[in-house]
Amino acid sequence: MPVSRSGQVNFMEAEEILQNEPVMAGMFTIDSHPAYVLFDSGASHSFMSMGFAHRHNISLMPIPFSYRISTLSA
């Protein structure tokens with residue numbers, strides 16, 4: 001599957017967040033399941049771990065293209 005789209009995420013874990021960054025984190029519900037959520041205002045998309053989706057039987061659908069996601073460290 002060729003990479004045809006791109007995106008950006010600045011932080012993937014709360015421990016990575018630098019002081020004074022515009023990021024918020026906390027416990028919220030996703031599809032009625034409690035989850036630790038990290039709101040990264042610099043991210044281009046929303047992401048969920050495959051483990052969380054599988055653990056809570058959240059339906060996944062394939063998309064006809066792939067993404068190349070860059071991070072601050074990439």
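Note that the numbering runs from 1 along the sequence shown for the chain. Only heavy atoms go into these numbers, but all of them, side chains included; no hydrogens, no water, no symmetry mates. Because the structure is a prediction, the values reported are computed rather than measured.
- Under a hydrophobic-cluster definition in which Ile, Leu, Val, Met, Phe, Trp and Tyr are linked whenever side-chain heavy atoms come within less than 4.5 Å, directly or via other members, Ile69 and Met50 are assigned to different clusters.
- Residues Leu60 and Tyr67 do not share a hydrophobic cluster, defined by chaining ILVMFWY side chains whose heavy atoms lie under 4.5 Å apart.
- Gly7 and Ser44 get closest at one heavy-atom pair: CA-OG, 3.1 Å.
- Rounding to the nearest 0.5 Å places CE of Met48 at 5.0 Å from CD1 of Ile30.
- Linking Ile, Leu, Val, Met, Phe, Trp and Tyr whenever their side-chain heavy atoms come within less than 4.5 Å leaves Tyr36 and Phe52 in two separate clusters.
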